[in-house]
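Here the structure is laid out as structure tokens; the discussion comes afterwards.
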Amino acid sequence: MSVPALALALAAMVPLAVPAPAAAQSALERPPSLTGAWVGSPGVVHFHFIHRFTLLGDAKKVVNSPSFLLGAGLPGRTLAGLVYASNSDVSPEVRPNEWEAFARWQPVGRSATSPLRVTFQAGYNTAAESVDGEVAVGGGGGRVSLFGAARLLSRAYGVDEARVALGGGALVRLGRWVAVGGDVASLTDRSEGENVAWSAGLLLGIPYTPHTLSLHATNVGSGTLHGSSRGGEETRWGFEFTVPITLSRYFGGPDVAAKATPPPAGPVAGVAAPGGATTGGAAGAGDTVHVVIDGLEYSPARIEVAPGTTVVWTNRAPLAHTVTADDGSWTSPSMDPGAAWGRTFAEPGTHPFHCAPHPFMKGVVVVREGAVGGPGD
């Protein structure tokens with residue numbers, strides 16, 4: 001099988017897949033070169049290091065093409081950042097450096113497991129002096145996700161001509177920490193010498209860390225909209241390593257109280273009664289407040305509830321976490337990705353807590369008469 005055909009063959013690997021929790025990040029959420037449907041997490045700075053190598057001719061010369069992405073996850077499902085690529089071939093007049101400043105907004109879909117995500121991107125490519133845009137879609141159910149993209153390059157490859165590119169891809173989850181993915185893209189008016197862009201790779205989560213790794217083959221030179229819309233003649237082999245930096249770890253998070261919410265679908269792992277025993281489900285009386293563990297923070301970190309309320313923490317991060325009282329009076333078991341645990345708070349008081357493996361993760365439950373789960377109620 002030729003290497004480009006591998007990108008299309010990946011979608012046929014569904015029978016090999018097994019169900020896995022959806023807690024994932026970055027490289028496990030999209031194919032190697034079709035990244036537009038990913039917007040990261042708010043309050044997280046994302047650094048991606050991409051290094052690709054090409055073996056040239058009989059001389060066995062190895063040429064490397066590094067790229068970097070630095071982006072900030074913002075409220076409202078928005079990501080803003082920069083992509084830098086050295087040894088870029090986007091514009092023959094501006095070589096080898098290429099910069100793309102971009103912003104993405106995802107009005108539809110709130111997580112990597114949403115059945116449909118729609119993302120809009122606008123950016124400026126300095127090498128081509130081009131204002132570019134993309135509409136990307138992604139989504140699926142369980143083990144398989146499908147992706148598509150439509151791009152407009154206003155001054156394509158440094159020429160005063162607007163061009164359109166279309167792309168598609170697939171990702172198949174093989175387990176909690178392993179996936180395979182592939183994608184293709186092409187200019188709609190591709191001329192002689194311009195190739196279909198393709199990528200195929202093994203996508204890995206590093207267990208119990210927020211980092212992911214993509215090992216892939218591609219003919220794409222850079223991760224910009226220009227670079228990933230046109231393929232080169234040579235196959236490039238390389239990797240992408242992702243480093244998310246959760247700002248609340250260093251600067252603290254907003255002091256926001258949670259509102260009572262209905263329980264999510266599916267069973268709760270266990271609810272601790274006031275005396276410390278664990279019951280088989282959510283409390284029968286009082287409200288239930290749900291808190292998400294996302295990355296390296298509790299969201300929200302401050303919860304105000306009335307006596308008798310059950311607080312349930314659900315771990316949507318790719319790491320194992322706990323919910324542990326600062327005074328040691330109660331604690332959850334180690335919660336693997338996808339697990340949930342709850343505790344009923346019967347008496348008024350203030351209950352600060354933290355994560356035992358990550359003690360910089362902090363939160364507090366404030367129990368007071370008259371509170372119904374939200375600030376000012």
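- Applying the salt bridge (Lys or Arg N to Asp or Glu O under 4.0 Å) test to residues at least two apart or on different chains, none of the pairs has a partner in residues 202-229.
- Of the possible donor and acceptor atoms, one in the side chain of Tyr298 sits under 3.5 Å from a partner among the backbone N and O of Cys355.
- Taking each heavy atom of Glu129 and Arg155 in turn, the nearest pair found is O-CD, 3.5 Å.
- Partners of Asp189 according to the salt bridge (Lys or Arg N to Asp or Glu O under 4.0 Å) rule, which considers only residues two or more places apart in sequence or in another chain, are Arg163.
- With sequence neighbours left out, Ala356 forms a side chain to side chain contact (heavy atoms under 4.5 Å, CB included) with Thr322, Thr324.
- Proximity of a side-chain donor or acceptor of Ser154 to a complementary backbone N or O of Asp132 within less than 3.5 Å is not detected.
- Looking at heavy atoms from C-beta onward, Phe68 lies out of side-chain contact with Leu82 at the 4.5 angstrom threshold.
- A pairwise comparison of heavy atoms in Trp341 and Thr331 identifies CZ2-O, 3.7 Å as the closest pair.
- Between the side chain of Thr242 and the backbone N or O of Thr212, at least one donor-acceptor pair lies under 3.5 Å.
- Checking Ser222 against Glu98 by side-chain atom types alone, a donor-acceptor pair falls below 3.5 Å.
- Remark: side-chain polar atoms of Asn97 are not paired, donor with acceptor, to backbone N or O of Tyr84 under 3.5 angstrom.
- No donor-acceptor pair under 3.5 Å is formed between the side chain of Arg52 and the backbone N or O of Gly238.
- When the salt bridge (Lys or Arg N to Asp or Glu O under 4.0 Å) test is applied to Glu240, the partners found at least two apart in sequence or on another chain are Arg30.
- Side chain of Glu100 to backbone of Leu225: a donor-acceptor contact under 3.5 angstrom is found.
- His216 and Thr218 form no side-chain donor-acceptor contact under 3.5 Å, judged by distance and modelled atom types alone.
- Note: Phe345 and Trp330 meet the aromatic proximity criterion, with ring centroids under 6.0 Å apart.
- Clustering of Ile, Leu, Val, Met, Phe, Trp and Tyr by side-chain heavy atoms under 4.5 Å joins Tyr124 with Val131.
- At a threshold of 4.5 Å between side-chain heavy atoms, the hydrophobic network of Ile, Leu, Val, Met, Phe, Trp and Tyr places Val118 and Leu152 in two separate groups.
- Residues satisfying the ring-ring contact (aromatic ring centres under 6.0 Å, His included) test with Phe241, not counting sequence neighbours, are His211.
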